[in-house]
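Numbers here are sequence positions counted from 1.
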Amino acid sequence: MRDALNLLRSLASLALLGALACGPQLTPLDDGTNVTTQGETDDAPPPGRTSGPVPPSTTTSTSTTTANPTSADGTGDESAGTSGPHPDHPRVTKCDLFDQDCPRGDKCMPWSNDGSNEWNAMRCSPVADDPAAPGEACLALDSPYSGFDDCDDTSMCWYVDAGTLEGTCVPFCEGSIELPTCANPDRNCLFPDNEITTVCLPTCDPLFFDCAAGQVCAPNDGTFLCMADASGPTGAEGDTCEAVNGCDPGQACIEGVDVPDCRGDTCCAPFCDLSEPMPMCPLGQVCTPYFERGTMPGVDYTGICRLP
């Protein structure tokens, strides 16, 4: 009788082990909790952040993997699904660069939601474990406009080389959209028309070429800031241009009617020094103030050569 009971207990134990082997498995997460997964897992990295740029991740659960969708207006829908490295960590795409109102461990970042070379939306992106501080070298992920980098939560990767994806962390603007400020008095807020990229860039003097290599001193909102040189093979005096930073150092992109022999709507023209008794300009042009006098201290002497 005792042998028969032992045999029944052994059979029951084997059946229980078999059921556990075939059923759902419990996978521990970083915070000590468990998530139930069914069947084989994919090759996605384990939950948690890396020390480099962090890509958009997905959450494995008993249902399907869901990416955070983007709405028609490019701002996204923060209530639809999650795509963070942890089930209770939503990857929202509605955020404010000034408020930095993303979940803990994320930062609000500009990005291109259509794959173009232009920031046109904002979303929350994870911050790296060992992030770079403003002024330090950084790395963007996939493209300069992906919205993912390894800068800290107060900055983003700027001056990014499209080939190497290497750049420099620059701080976000502070204050508000109505009154943006920079903590460093030697910087001013780059505030483009689309209000997407609000970062503090070094101020500069276009007559002294005091920006770093690969940058130009370009006008922005009553002052001059060091921006990436977007001139490419053109940018010399008289060349057509499409952006304020689309000319070589010492040149500015102005209305084509003010530039001799300009073949476009806007062309490059040289800066000039109004503090000189006889400011130097090409023959037939005159040196006029670039900004209205009194707009910004320290730039009153900066002129641009135009047709009279």
Side-chain angles (χ1 to χ4, degrees), residues 116-119 135 137-138 140 143-145 157-168 170 186-194 197 199-276 278-292 295-296 298-308:
S116 64
N117 294 335
E118 180 181 353
W119 291 287
C138 56
S143 87
Y145 306 94
C157 203
W158 200 259
Y159 307 120
V160 177
D161 184 282
T164 64
L165 297 182
E166 297 174 342
T168 303
V170 298
D186 294 329
R187 291 177 177 262
N188 256 312
C189 188
L190 173 67
F191 206 74
D193 293 336
N194 62 10
T197 49
V199 290
C200 290
L201 300 183
T203 55
C204 55
D205 189 325
L207 297 174
F208 288 93
F209 311 107
D210 52 351
C211 293
Q215 300 174 20
V216 295
C217 187
N220 179 257
D221 196 26
T223 188
F224 293 96
L225 302 177
C226 290
M227 305 183 194
D229 187 344
S231 62
T234 60
E237 180 183 336
D239 287 347
T240 58
C241 51
E242 297 181 356
V244 294
N245 56 337
C247 296
D248 292 339
Q251 307 280 326
C253 190
I254 65 173
E255 293 290 331
V257 295
D258 293 327
V259 182
D261 302 321
C262 177
R263 297 183 179 182
D265 293 334
T266 50
C267 283
C268 299
F271 286 107
C272 51
D273 190 349
L274 289 167
S275 66
E276 295 180 351
M278 297 183 64
M280 298 295 294
C281 278
L283 186 65
Q285 299 179 54
V286 294
C287 186
T288 61
Y290 190 91
F291 292 122
E292 182 180 350
T295 300
M296 185 71 68
V299 300
D300 280 356
Y301 59 85
T302 303
I304 191 74
C305 295
R306 308 176 189 264
L307 288 172

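- A distance-only check finds a donor-acceptor pair linking the side chain of Asp210 to the backbone of Asp205 [under 3.5 Å].
- Note that CG of Leu307 and OG1 of Thr288 are 10.5 Å apart. Values are rounded to the nearest 0.5 Å.
- Annotation for Glu242: atom CD does not count as buried by contact number, only 12 or fewer foreign heavy atoms lying within 6.0 Å.
- Here Cys226 contributes atom SG and Asn245 contributes atom CG; the two are 11.5 Å apart, rounded to the nearest 0.5 Å.
- For Cys200 against Arg187, the heavy-atom pair with the smallest separation is O-NH1, 2.7 Å.
- For Ser116, the side-chain contact (heavy atoms from CB on, under 4.5 Å) partners at least two apart in sequence or on another chain are Ser112, Asp114, Glu118, Asn120.
- Pro282 is listed as a side-chain neighbour of Glu237, based on a closest heavy-atom distance under 4.5 Å.
- Residues Cys211 and Pro249 are not in side-chain contact: their nearest non-hydrogen atoms beyond the backbone lie 4.5 Å or more apart.
- Each ring-ring contact (aromatic ring centres under 6.0 Å, His included) pair with one or both residues in residues 210-239, not counting sequence neighbours, appears once here: Phe224-Phe271, Phe224-Tyr290, Phe224-Phe291.
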Per-pair distances, 0.1 Å, donor-acceptor, side chain in residues 250-268, under 3.5 Å, sequence neighbours excluded:
from, atom 1, to, atom 2, distance (Å)
Asp258, OD2, Arg306, NH1, 3.1
Thr266, OG1, Cys241, O, 2.5

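- With sequence neighbours left out, Ser231 forms a side chain to side chain donor-acceptor pair (under 3.5 Å) with Asp229, Asp248.
- Here the side chains of Tyr145 and Val160 are not in contact, with every heavy-atom distance at 4.5 Å or above.
- Expressed to the nearest 0.5 Å, how far CG of Asn188 lies from OG1 of Thr223 amounts to 5.0 Å.
- By the side chain to side chain donor-acceptor pair (under 3.5 Å) test, Ser275 pairs with Asp273, sequence neighbours left out.
- The minimum heavy-atom distance between Cys287 and Leu274, with the atom names listed, is SG-CD2, 3.5 Å.
- For Cys281 against Gln285, the heavy-atom pair with the smallest separation is CB-O, 3.8 Å.
- A heavy-atom distance below 4.5 Å is not found between the side chains of Val216 and Phe209.
- Here the two cysteines Cys204 and Cys217 have their SG atoms closer than 2.5 angstrom.
- Atom CH2 of residue Trp158 and atom CG of residue Leu201 lie 6.0 Å apart, to the nearest 0.5 angstrom.
- Contact of the Thr203 side chain with the Leu225 side chain is registered, since non-hydrogen atoms from C-beta on lie closer than 4.5 Å.
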